[in-house]
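All of these numbers come straight from a predicted model, not from anything done at the bench. Note that the numbering runs from 1 along the sequence shown for the chain. All ligand and atom numbering here is 1-based and tracks the order in the structure. Values reported hereafter were calculated over all heavy atoms of this structure, with side chains retained and with hydrogens, waters and symmetry mates removed.
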Amino acid sequence: MTTPNIVAIRAFTDNYIWVIRDHCHAAVIDPGDAAPVLAYLQHEQLKLIAILNTHHHNDHVGGNAALLQEFSVPVYGPANEAIPTLTHRLKESNDPESEEGNVFIPEFSLNLKVLDIPGHTAGHIAYYGANLLFCGDTLFSCGCGRLFEGTAQQMESSLQKLAGLADETRVYCGHEYTQNNIRFARIVEPGNKALIKRETEVKKLREQNVPTLPSTIAMEKATNPFLRCGEPEIIRSASNHAGKPLAGPVSVFAALRGWKDHF
Ligand SMILES: [Zn+2]
């Protein structure tokens with residue numbers, strides 16, 4: 001199977017609306033705003049064939065209704081969140097044939113498996129297949145989403161689920177937060193050489209106004225403090241910040257997340 005072409009459409013300040021496309025079809029992930037999507041489709045002469053949502057926040061679903069006025073397409077999204085325009089309610093399933101656990105896009109011969117990754121929101125899902133991961137606001141490059149509806153335990157386990165995917169998986173996050181995340185990560189884990197290298201690369205990309213995404217699972221495992229809660233240097237930093245010794249990845253994760261919230 002050929003890997004489909006993935007393109008970023010920028011929206012709002014720092015959102016990415018990801019487009020899976022060939023020479024005449026497009027599927028969009030998290031169209032928070034319809035206008036830039038419609039402009040892109042028109043410019044590229046593409047027909048919209050599907051909308052995929054990862055969670056209910058308006059900067060990820062706000063463009064659904066206006067896109068549906070132009071194109072009659074299926075709208076996939078989390079079963080456990082209130083998104084009025086959904087036509088297919090999804091949740092993770094162990095059954096590879098399950099309709100609610102998979103999205104098949106025939107135009108691209110692409111099957112994406114649904115992963116339940118609660119934490120940022122209660123019903124947040126990701127789409128994974130063909131070495132692609134669309135993870136919305138759960139995993140960011142060198143960071144993770146805020147805990148709006150879930151617990152630290154849920155988020156830590158969601159992130160570990162994503163960390164368990166193939167190393168070469170390309171990670172398409174919902175926002176361009178990488179540079180700011182690295183500033184925090186460097187304080188938490190100053191001795192991480194892979195992180196220092198990534199910081200230099202990201203600085204160059206941002207100076208040229210180029211997206212720092214996709215990242216890869218291998219890159220995130222090497223540089224993202226929220227996936228590295230068992231590393232001695234990170235446990236030390238989190239414990240120092242908390243003012244007490246922390247044991248176990250969930251308590252380290254919770255301390256890091258709380259620290260980052262006020263960073
Ligand atoms: Zn969100």
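With the Zn ion (ligand 1) as vertex, H55 NE2 and H120 NE2 subtend 100°, rounded to 10°.
Residue contact annotation: D59 places no N/O/S atom under 2.8 Å from the Zn ion (ligand 1).
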- What do the steps show when you test R228 against E233 for side-chain contact (heavy atoms from CB on, under 4.5 Å), and what is the final call? CA-CA 10 Å; R228 298 169 59 77; E233 190 176 28; over 6 Å; no

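The Zn ion (ligand 1) is closest to atom OD2 of D137 (considering only N, O or S atoms). Residue H57 approaches the Zn ion (ligand 1) most closely through its N/O/S atom ND1.
A salt bridge is defined here as a Lys NZ or Arg NE, NH1 or NH2 lying under 4.0 Å from an Asp or Glu carboxylate O, and K197 with E201 meets this definition. In summary, E107 and K47 do not engage in a salt bridge, as defined by a charged side-chain N under 4.0 Å from a carboxylate O. Using a cutoff of 4.0 Å between basic side-chain nitrogens and carboxylate oxygens, E156 and R257 are not scored as salt-bridged.
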